[in-house]
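Per chain, numbering begins at 1; letters A, B, ... match sequence-line order.
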Number of protein chains: 2
Amino acid sequence: MTEIELSTEEKILKAAEEVFMRDGYDGSRMQDIADVAGINKALLHYYFRSKDKLFEKVFDAKIQSFFPKMGEKFSQDIPFVDKIHIFIEGYMDLLLKNPYLPLFVLNTVNNKDKSAFIKKLPIELSRQVAQSYYVEFKKGNVRELNPAQFIMSLMGMCIFPFLAKPILLDMFKADNDTFDKLMEERIQELKHYVTLILTP
Amino acid sequence: MTEIELSTEEKILKAAEEVFMRDGYDGSRMQDIADVAGINKALLHYYFRSKDKLFEKVFDAKIQSFFPKMGEKFSQDIPFVDKIHIFIEGYMDLLLKNPYLPLFVLNTVNNKDKSAFIKKLPIELSRQVAQSYYVEFKKGNVRELNPAQFIMSLMGMCIFPFLAKPILLDMFKADNDTFDKLMEERIQELKHYVTLILTP
DNA sequence: GTCTATATAAGGATAGAC
DNA sequence: GTCTATCCTTATATAGAC
């Protein structure tokens, strides 16, 4: 364990991330964040002025990863199916490390006071996938489908278990480790599914 | 339009459903519910005592549909793939009529004060699908896969666009009608996907 | 049953001492 | 920079008149 002492600002950001990600904006309390950070509530305002501003900082930091940047990956000269396989591995890996990310993001964009944050989402991903798909489709290497629908399916398949995690833990009487193992297994399963869907 | 006057209790429940579904428990205000119902805030407490009790009433009423009861459908003697097709049609239809349902349910089960509500979910669906799958698998009519993983994929594919609706509307510069058309189209696309996944 | 007025509590934000 | 104490707004809940 690294025992490097974090600055107060860093401690606050770390605590805010934990609380906001878990409880959402409306469900979070400044007092909870202060408690987790191990400091006083007044200091939160000293550093970040308001709950809104602190939330925005956390959102900005986390949001980049939700729609991962696949720039380099998608410009490689490899089959489309392989690109999707790489996406699945990378994205599921990210979700295993940030299990609250999907609910956090989807909650925020659906929040009546936070809908402006939609503009912050880096949504190049869908354009990259679509473009990459059409190149490959013209070569006849991939089945005909609607890439927009395909991306929604892909993301939905990856994300759903993390959104429904409390239900799944209850259903399977499982703990976090069992869940993670199920997700590791899921990576292979999803790769198989998309291969079946994409292969002509 | 039917002009039948609702009872006060019914008006409250209708308004509470609208507000809770849209804004979630933490994001909802009793005042908003009273305004939508067109009555006074004090009446909410007269009829339902507390915000918690009112929320529970709404949750109980809505929850049945999230994991639809497919009892009759799944006991029919038809191919497994056809059962899944019927599920997709029925579920997407339900979601088109209740676009907030997925976020509402997933938000609630992830809420730190509402996790007990998980017990209320009618989760027979997954058992029915798994059982139905194995019968068909033994006959060699369906590809080998993990039914639990398959159900998660199926639900994820159906639900995702409704969770991400504000993002999609922004991306495609679309309105509600366009979104609904995209979902109608999606029914066919998803039926195609599951056929490819399930057919040996 | 329905309303107005008010009590009570929670939570975000600030003042001021150190 | 960090704390304690306090302010002020918002929101749930209740009292009491009609």
Side-chain angles (χ1 to χ4, degrees), chain A residues 3-61 104 107-108 110-117, chain B residues 3-61 104 107-108 110-117:
Chain A
E3 288 284 346
I4 300 161
E5 185 71 1
L6 296 172
S7 74
T8 302
E9 187 166 346
E10 287 166 333
K11 277 194 286 189
I12 293 174
L13 278 172
K14 199 164 171 291
E17 179 182 313
E18 179 182 328
V19 175
F20 278 136
M21 296 273 286
R22 190 187 56 211
D23 299 336
Y25 180 83
D26 290 325
S28 295
R29 300 291 163 253
M30 293 296 266
Q31 186 62 59
D32 292 342
I33 296 173
D35 291 346
V36 172
I39 50 111
N40 192 279
K41 200 171 54 158
L43 266 187
L44 300 181
H45 292 93
Y46 175 79
Y47 278 95
F48 296 96
R49 286 192 58 87
S50 71
K51 183 183 178 183
D52 279 271
K53 290 213 170 28
L54 178 55
F55 181 81
E56 190 161 1
K57 279 274 188 302
V58 171
F59 187 85
D60 289 348
F104 173 74
N107 237 331
T108 303
N110 279 282
N111 188 308
K112 59 182 181 307
D113 300 316
K114 296 276 173 282
S115 58
F117 284 24
Chain B
E3 290 283 349
I4 299 161
E5 184 71 2
L6 295 172
S7 74
T8 302
E9 187 168 346
E10 288 167 331
K11 276 194 285 190
I12 293 174
L13 278 173
K14 197 164 172 292
E17 179 181 314
E18 180 182 327
V19 174
F20 278 136
M21 296 273 286
R22 191 187 55 212
D23 298 335
Y25 180 82
D26 290 325
S28 294
R29 300 290 163 255
M30 294 296 266
Q31 185 63 59
D32 292 342
I33 296 172
D35 291 347
V36 172
I39 51 110
N40 191 278
K41 202 173 48 159
L43 267 187
L44 300 182
H45 291 94
Y46 175 79
Y47 278 95
F48 296 96
R49 287 190 55 86
S50 71
K51 184 182 177 184
D52 279 272
K53 289 213 172 26
L54 179 54
F55 180 81
E56 189 161 2
K57 278 275 189 302
V58 172
F59 188 84
D60 289 348
F104 173 73
N107 237 332
T108 303
N110 279 282
N111 188 306
K112 60 183 181 306
D113 301 316
K114 296 275 173 284
S115 58
F117 284 22

* Structure fact -> Whole-Å distance, B:F55 CZ to D:dA13 P, equals 14 Å
* CD of B:E10 versus P of C:dG1: gap in Å, rounded? -> 13 Å
* Separation between CZ of B:F59 and CG of B:D52, rounded to the nearest 0.5 Å -> 13.0 Å
* So, do B:F117 and B:N111 sit near enough that their side-chain heavy atoms are less than 4.5 Å apart? -> no
Side-chain atoms of residues 31-42 of chain B: list all donor-acceptor pairs with protein atoms under 3.5 Å, sequence neighbours left out, distances to 0.1 Å.
residue: B:Q31; atom: NE2; partner: B:D35; partner atom: OD1; Å: 3.0
residue: B:N40; atom: OD1; partner: B:A42; partner atom: N; Å: 2.8

* Asked: When the distance from CG of B:L43 to P of D:dA13 is rounded to whole Å, what number comes out?
  -> 15 Å
* To do: List in chain and number order the residues that pass side-chain contact (heavy atoms from CB on, under 4.5 Å) with A:K112, two or more places apart in sequence or in another chain; answer none if no residue qualifies.
  => B:D23
* Asked: Does any non-hydrogen side-chain atom of B:K11 lie less than 4.5 Å from one of B:E5?
  -> yes
* Go through B:Y25 and B:N107 one step at a time and tell me if the side-chain hydrogen bond (donor to acceptor under 3.5 Å, both in side chains) criterion holds. => CA-CA 9 Å; B:Y25 180 82; B:N107 237 332; over 6 Å; no
* Indicate for each nucleotide in nucleotides 8-18 of chain C, in 5' to 3' sequence, whether protein heavy atoms under 4.0 Å reach the base (B), only the sugar-phosphate (S), or nothing (-). => ---SBBB----
* Protein-nucleotide distance (B:F48, atom CZ; C:dT2, atom P), rounded to Å -> 12 Å
